[in-house]
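All heavy atoms count here, side chains included; hydrogens, waters and symmetry mates do not. Quick note: residue numbers are just sequence positions, from 1. Atoms within a ligand are numbered from 1 in the order they appear, just like the ligands themselves.
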Amino acid sequence: MYLVARIENVYMSKIKAAIKGVGGYIPPDVLSNFDLEKMVDTNDEWIRSRTGIEERRILKGENKGTSILGVNAVKDLLEKSGCNPEEVDLLICATVTPDVLFPDTANIIAYKSGMKNAFTFDLTAACSGFLYALTTGAKFIESELHKKVVIVGADKMSSIIDYEDRSTCIIFGDGAGAVLLEADEEHGYHNSFMRSDGSGQEHLFMVAGGSAKPASYETIDNKEHYVRQNGRVVFKAAVSGMTDAVNKVMKMNDLSVEDVDWLVPHQANVRIIDTVGKMLDFPKEKVMMNIQKYGNTTAGTLPLCLWDYESRLKKGDKIILTAFGGGFTWGASYLTWAY
Ligand code: UT7
């Protein structure tokens with residue numbers, strides 16, 4: 001299998017899809033553990049020790065959806081990277097909380113960001129959404145038919161969270177991150193190991209709101225439009241899924257832990273991140289972490305890590321990103337930093 005992966009590498013396009021800029025946006029309203037103490041039967045000590053989260057951000061205001069988060073992240077990205085929005089060929093938005101079922105949130109973000117020459121689509125893979133979108137977007141650059149591709153990971157999780165359910169409301173927050181992909185001959189995206197397993201769907205999902213069970217008075221009364229999660233099952237699956245995916249990607253690229261500069265794990269729980277880091281033998285200082293500030297922003301976590309750590313990244317740094325989420329979906333990607 002690894003031989004096949006190596007042969008594929010040899011014949012891979014010379015052009016790499018390199019991240020040439022990172023943007024992010026976190027709404028200003030803070031929901032702290034102490035705020036949550038007043039809403040459900042929980043406490044700061046429990047939340048910190050079981051999840052590592054201290055506070056999360058919430059997008060407030062009527063009729064404000066995920067596109068607001070995405071537009072702000074994209075504007076930050078375009079401004080920082082000096083990219084003209086009219087030059088962007090493609091925008092992919094990973095989200096499980098679209099503004100509406102259609103049109104796509106990617107469509108709205110591109111329109112509001114002045115991207116007049118882009119085609120756009122949403123991609124749904126829950127907490128693995130950004131990784132799926134990055135892997136997909138990289139192929140468009142490698143094809144050499146697209147020059148500038150923007151990948152957004154954005155979720156307004158507060159719109160699908162039951163703030164009377166202490167097992168879920170403490171974890172999630174709102175936020176968005178975005179990256180710009182351009183061709184580079186030296187650095188950029190190398191490859192991924194990606195998987196999904198639909199048998200996991202019953203452990204992390206929403207009961208209603210789709211075509212199988214459209215919204216009705218009954219679904220609302222039964223609180224079926226909120227996230228349901230079997231935390232312990234997801235925890236174990238997340239640890240084994242991310243550990244396995246990172247190991248696979250290291251083998252595919254002949255990398256040892258010493259070779260890798262940064263591990264960027266999905267931010268779902270500090271105990272998951274620590275366990276994955278330990279199982280892989282990664283020293284803590286190589287593992288990105290910002291869950292304490294934002295909680296789990298679903299598709300937003302990976303680009304928000306890159307956004308927060310951007311000033312510490314150096315050209316050529318070897319980076320492995322990994323995620324696990326509802327579906328189940330999971331995977332890991334290897335890239336080298338291009339600036
Ligand atoms: O990003 C997508 C993937 N999602 C994840 O990766 C999440 C994975 N799961 C988790 O992060 C953890 O399972 C949780 C944070 C959701 C829960 O932590 P846990 O250590 O697995 O707790 P638990 O569900 O086993 O519950 C332990 C106890 C229970 O009480 P009893 O039955 O032992 O008396 C819960 O009722 O803690 C109780 N509990 C709480 N207590 C205070 C559950 N939530 C809370 C709370 N505050 N917020």
I need the atoms of ligand 1 closer than 4.0 Å to a non-hydrogen atom of [X], numbered in the order shown.
X	value
Leu204	2 (C), 3 (C)
Asn296	1 (O), 2 (C)
Thr42	42 (C), 46 (C), 47 (N), 48 (N)
Ala268	1 (O), 5 (C), 6 (O)
Thr51	15 (C)
Gly231	8 (C), 9 (N), 13 (O)
Ile272	6 (O), 8 (C)
Cys127	1 (O), 2 (C)

Can Thr301 be said to touch ligand 1, with heavy atoms closer than 4.0 Å? no
What is the closest protein heavy atom to [atom], and at what distance does it sit?
atom	result
atom 39 (N) of ligand 1	Trp46 CZ2, 3.4 Å
atom 7 (C) of ligand 1	Gln229 OE1, 3.5 Å
atom 26 (O) of ligand 1	Arg232 NH2, 3.9 Å
atom 16 (C) of ligand 1	Ile171 CD1, 3.6 Å
atom 36 (O) of ligand 1	Arg166 NH2, 2.9 Å
atom 27 (C) of ligand 1	Arg50 NH1, 3.6 Å
atom 3 (C) of ligand 1	Val234 CG1, 3.5 Å

Under 4.0 Å from [atom], is there any protein heavy atom?
atom	value
atom 29 (C) of ligand 1	no
atom 44 (N) of ligand 1	yes
atom 23 (P) of ligand 1	yes
atom 32 (O) of ligand 1	no

Return a yes/no value for Ser167: is any of its N or O atoms, backbone included, closer than 3.5 angstrom to an N or O of ligand 1? no
Distance-only N or O hit between ligand 1 and Arg271, under 3.5 Å: yes
Does the pair Asn296 and Arg56 meet the rule for a side chain to side chain contact (heavy atoms under 4.5 Å, CB included), with working shown? CA-CA 8 Å; Asn296 181 349; Arg56 66 286 295 138; over 6 Å; no
For Tyr111, I'd like to know if atom OH has over 12 heavy atoms of other residues, nucleotides or ligands within 6.0 Å. no
Would you say that more than 12 heavy atoms from the other residues, nucleotides or ligands in this model lie under 6.0 Å from the NZ of Lys223, or not? yes
Out of Asp44, Thr297, Asn269, who gets a non-hydrogen atom closest to atom 14 (C) of ligand 1? Asn269
Looking at side-chain heavy atoms only, is the closest gap between Met39 and Cys169 below 4.5 Å? no
May I ask you to say whether [X] pairs ionically with [Y], meaning some side-chain N is under 4.0 Å from a carboxylate O?
X	Y	result
Lys248	Asp244	yes
Lys20	Asp184	yes
Lys147	Glu182	no

Taking non-hydrogen atoms only, is Val40 closer than 4.0 angstrom to ligand 1 via side chain, backbone, both or neither? neither
Please name all residues satisfying salt bridge (Lys or Arg N to Asp or Glu O under 4.0 Å) with Asp197, sequence neighbours left out, ordered by chain then number. none
Do Phe130 and Val179 pass the side chain to side chain contact (heavy atoms under 4.5 Å, CB included) test, and can you show the C-alpha distance, the side-chain angles, and the key distance before you say yes or no? CA-CA 10 Å; Phe130 180 79; Val179 299; 3.9 Å; yes
Would a distance-only check, ignoring hydrogens and angles, find a side-chain to backbone donor-acceptor pair under 3.5 Å from Asn43 to Glu45? yes
Test of understanding: clusters of I, L, V, M, F, W, Y form through side-chain heavy atoms closer than 4.5 Å, transitively. Do Tyr294 and Ile68 belong to the same one? no
Taking ILVMFWY side chains as joined if any heavy atoms are under 4.5 angstrom apart, and letting links pass through other members, which residues group with Val88? Val71, Val74, Leu77, Leu78, Leu91, Ile109, Met115, Val150, Val152, Leu180
